[in-house]
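In this text, all values refer to a predicted model and were calculated from it rather than measured experimentally.
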Amino acid sequence: MKKLAHIAFALLASLSTLKAQESPKEEDFYKIVTPPIPEGIILEVGGLTTLPNGSLAISTRRGEVWIVDNPTSRTPYFRKFATGLHEILGLAYKEGALYCAQRGELTKLVDKNGDGKADVYETVYAWPLSGHYHEYSFGPKLAPDGSFFVSGNVAFGDEEWWRGESRVPGRGWIFHITNDGKFEPYATGVRSPAGISMLNGELFYTDNQGDWMGTGAIFQVKKGGFMGHPAGLKWAGLPNSPVKLTEKQFFAERDNRQHRNAQDRAIKPENTMGEEPQFLYQLKQKYDMVQLPAVWLPYGVHGVSTAELILDDTKGNFGPFTGQVFVGDQGQSNIMRIVMEKVKGEYQGASIGFRSGFQSGVLRMAFDKDGSMFVGETNRGWGSAGDANQGLQRLVWNGKMPFEMYTVKAQPDGFEIEFTMPVDRKSAEDLDSYKVSSYLYKHYPVYGSPQINLEDVKIAGVKVSDDNKKVRIVLDGMKQYYVHKISLEGVRSATNSWSLVHPDAYYTLNNIPDGDKLKVSDLKTTRSGKAQASVSAEPAKEHVSPDGKGKATPAKAGAAAKTPTWEEVKPLLAKNTCLACHAPDKKVVGPSYADVAKRKYSNEKIVELIYAPKPENWPDYATPMAPMPQVPKAEAVKIAAWINSLAK
């Protein structure tokens, strides 16, 4: 009996030790706080800005502006400042007045008599609208000289709801409103530019996945720049346009590339470019005004509806990431951390996870004077992982240091990772602690893109710095223009053996730096044998093939009769970005797979609906599903069979 008791005690002690050594998660460092909101106030937040006196100004999609005094206290005071405006999707403060971007104008709001309410609603500039529901206007953002920038969403096609159109000037553009109230078109090629931002005096914006946008992305905006979506080129020939690329040139160059590829294949059939896909970097090689994303955000992993960028200027009050950038995502209700650098005159960098679990779609962010981050949220008509329709929350750092990748920087032969705390040298010198893969996105008129040419990148060796704070990862071949996914699942911290809170970084490599490469003799090449799963083991990667189409892995004989398991189908759902909008047993942006199974569609019908969705079949879901022609047929068949297995 005593022996059994001793064994039980030892087992409990070992379990307690394991629990104590468990690596902390996001919520162990950053707490989400929900302030009390008075009954009757609906905060579908479209804009946030912190005022000089510490109050918080909030604009809403319902056309109201609220001022919140003492916003971080237990009893914040809400007062309505303005009302009757049209879907305000941005707010800025300048010289005692608030400025907002309504659907069709930049408006100045002034409290003249000091009673806490706006007396003057002044039109600074009004731009044209066609009346299409999707012609949102985002901003304004203050330029260093006090002028304003605004971005204009495209309209959608009448038959294909996801196909972007510019029906009036300004749609698909970022435009400038000067200090004397004049309108200047500034740059075009944008689709759904929900996150226009000014970072250290430079203009950036975020775009959303859709036609001509393979996934969400962060762009620096330069005057006369073109970011890839052709709708706005309709107005490039206007007298005051700085964009020197026309619709005719855009589509002619696309046709020329297809023709050249076809000729090349005739001469060298083994060539693998093909008619499709084409890539944005190819257009840049022809036209200098084309701007590549500084950072591609992997769809369904780091969001589905990219929102605002915000610079951490808190001087350490929000954690160790001062000077870095955070980006919100409306669809997945989360926030990512962005690490950027300039290489050969262009921005590039990595997207790293940061904090998930917000109650609604993250659209706007603003730092309080105490260093905490206010998060403005909404999901009406847009859908989000957080199922509340609206919200104002606050993200607070508890002062503890998370184990994270602090920076990721490109090197001539790989990448250098700096950490927030020293790494365990044994784990960091083990090549099996790492995995690197690379891929591209298509530039074509289909909703979104799968990862193209996805493959493993061989790691030649690593070098850990003397202070154990940095690791150089040397690769056997880097690929310009490709996204490099860098996974550090096996790296541990030195003092407590923690794993990284976020072990994956997605680095967009626009340029490979010049400089000295490490010598082979400087590298560690040991392997523990605890290798991670290989990218090449994932089923049915899409590669550029001679006929220009992705080739799916052929199904084995008899495989069609067997119902796939969750473990078999999950990589397919992840690869094809299905998990961004659907989950097995709960509503996300779209219905759960269990609910789809209840409809008792045949497998063939589900495959048909993957390629040609019918939003009218799901009237309770405000965000229609886009066609997914890029899903290989063999994978669609497996997904359909698995969905229907949930009804059994």
With rounding to the nearest 0.5 angstrom, report the CG to OG1 distance, Asn389 to Thr378.
8.0 Å

Could you check whether atom NZ of Lys248 has more than 12 heavy atoms from other residues, nucleotides or ligands sitting under 6.0 Å from it?
no

Taking the side chain as C-beta and beyond, is there a heavy-atom pair between Leu85 and Thr60 under 4.5 Å?
no

When you check the side-chain N and O atoms of Glu346 and Asn510, is any donor under 3.5 Å from an acceptor?
no

Does any donor atom in the side chain of Tyr121 or Glu105 lie under 3.5 Å from an acceptor atom in the other side chain?
no

What about Phe326 and Phe354, are their ring centers closer than 6.0 Å?
yes

Would you indicate whether the side-chain heavy atoms of Phe78 and Val68 approach each other to under 4.5 Å?
yes

Just checking, any donor-acceptor pair under 3.5 angstrom between side chains of Tyr347 and Glu202?
yes

Ion pair present between Arg62 and Glu64, side-chain N to carboxylate O less than 4.0 angstrom?
no

Just by modelled atom types, is the Ser137 backbone N or O under 3.5 Å from a matching donor or acceptor in the Arg103 side chain?
no

Please work out which of the three classes, parallel, tilted or perpendicular, describes the rings of Tyr281 and Tyr481, given edges at 30° and 60°.
parallel

Will you find, in the side chains of Tyr507 and Gln348, an N or O donor that is under 3.5 Å from an N or O acceptor?
yes

Side chains of His582 and Pro591: closer than 4.5 Å at any heavy-atom pair?
yes

Can you list the steps and then say if Leu509 with Val343 is a side-chain contact (heavy atoms from CB on, under 4.5 Å)?
CA-CA 9 Å; Leu509 188 68; Val343 177; over 6 Å; no

Other residues, nucleotides and ligands only: do more than 12 of their heavy atoms fall within 6.0 Å of CG on Asp288?
no

Would the distance check show the side chain of Arg61 and the main-chain N or O of Arg380 forming a donor-acceptor pair, the cut-off being under 3.5 Å?
yes

Should Glu184 and Asn240 be marked as a side-chain contact (heavy atoms from CB on, under 4.5 Å) after you check the CA-CA gap, both sets of side-chain angles, and the distance that decides it?
CA-CA 7 Å; Glu184 291 182 348; Asn240 59 346; 5.9 Å; no

Can you confirm whether or not the ring centre of Phe149 sits under 6.0 Å from the ring centre of Tyr186?
yes

Are more than 12 heavy atoms, taken from residues, nucleotides or ligands other than Lys344, located less than 6.0 Å from that residue's NZ atom?
yes

So does Glu95 pair up with Lys108, basic N to acidic O under 4.0 Å?
no

Quick check for you: to the nearest 0.5 Å, what is the distance between Tyr299 atom OH and Asn208 atom CG?
9.0 Å

Ring centres under 6.0 angstrom apart (Trp382, Tyr136)
yes

If you round to the nearest 0.5 Å, how far is CZ of Phe279 from NZ of Lys442?
8.5 Å

Heavy atoms from other residues, nucleotides or ligands near NZ of Lys117 exceed 12 (cutoff 6.0 Å):
no

Reported CD1-to-CE distance for the pair Ile174 and Met227, which is rounded to 0.5 angstrom:
4.5 Å

What pairs meet the side-chain hydrogen bond (donor to acceptor under 3.5 Å, both in side chains) rule with one or both residues in residues 329-340, with sequence neighbours excluded?
Gln324-Arg337

Look at the rings of Phe318 and Phe367 and say which category their plane angle falls in: under 30° parallel, 30 to 60° tilted, over 60° perpendicular.
perpendicular

Output for pair (Thr49 OG1, Lys94 NZ), nearest 0.5 Å, gives 13.5 Å

Can you tell me if Gln359 uses its side chain to pair, donor with acceptor, with the backbone of Gln390 under 3.5 Å?
yes

Between Phe358 and Ile335, is any pair of side-chain heavy atoms under 4.5 Å apart?
yes

Can a donor-acceptor pair be found, under 3.5 Å and without considering hydrogens, that links the side chain of Ser449 to the backbone of Gly214?
no

Is it the case that more than 12 heavy atoms not belonging to Lys182 sit under 6.0 Å from its NZ atom?
no

First locate atom CZ of Phe148, then atom CG of Asn179, and finally report the distance between them rounded to the nearest 0.5 Å.
7.5 Å

Looking only at the aromatic ring of each residue, does the gap between the centers of Phe175 and Trp235 stay below 6.0 angstrom?
no

Are more than 12 heavy atoms from other residues, nucleotides or ligands located less than 6.0 Å from atom NZ of Lys369?
no

Evaluation steps, ring-ring contact (aromatic ring centres under 6.0 Å, His included), between Trp127 and Phe183
CA-CA 8 Å; Trp127 44 83; Phe183 175 93; 7.4 Å; no

Assess the pair Tyr205 and Phe138: is the distance between their ring centroids shorter than 6.0 Å?
no

Looking just at side-chain N and O atoms, do Arg171 and Thr188 make a donor-acceptor pair shorter than 3.5 Å?
no

What do the steps show when you test Val65 against Ile58 for side-chain contact (heavy atoms from CB on, under 4.5 Å), and what is the final call?
CA-CA 6 Å; Val65 176; Ile58 304 172; over 6 Å; no

Is there a donor-acceptor contact under 3.5 Å linking the side chains of Ser192 and Asn153?
yes

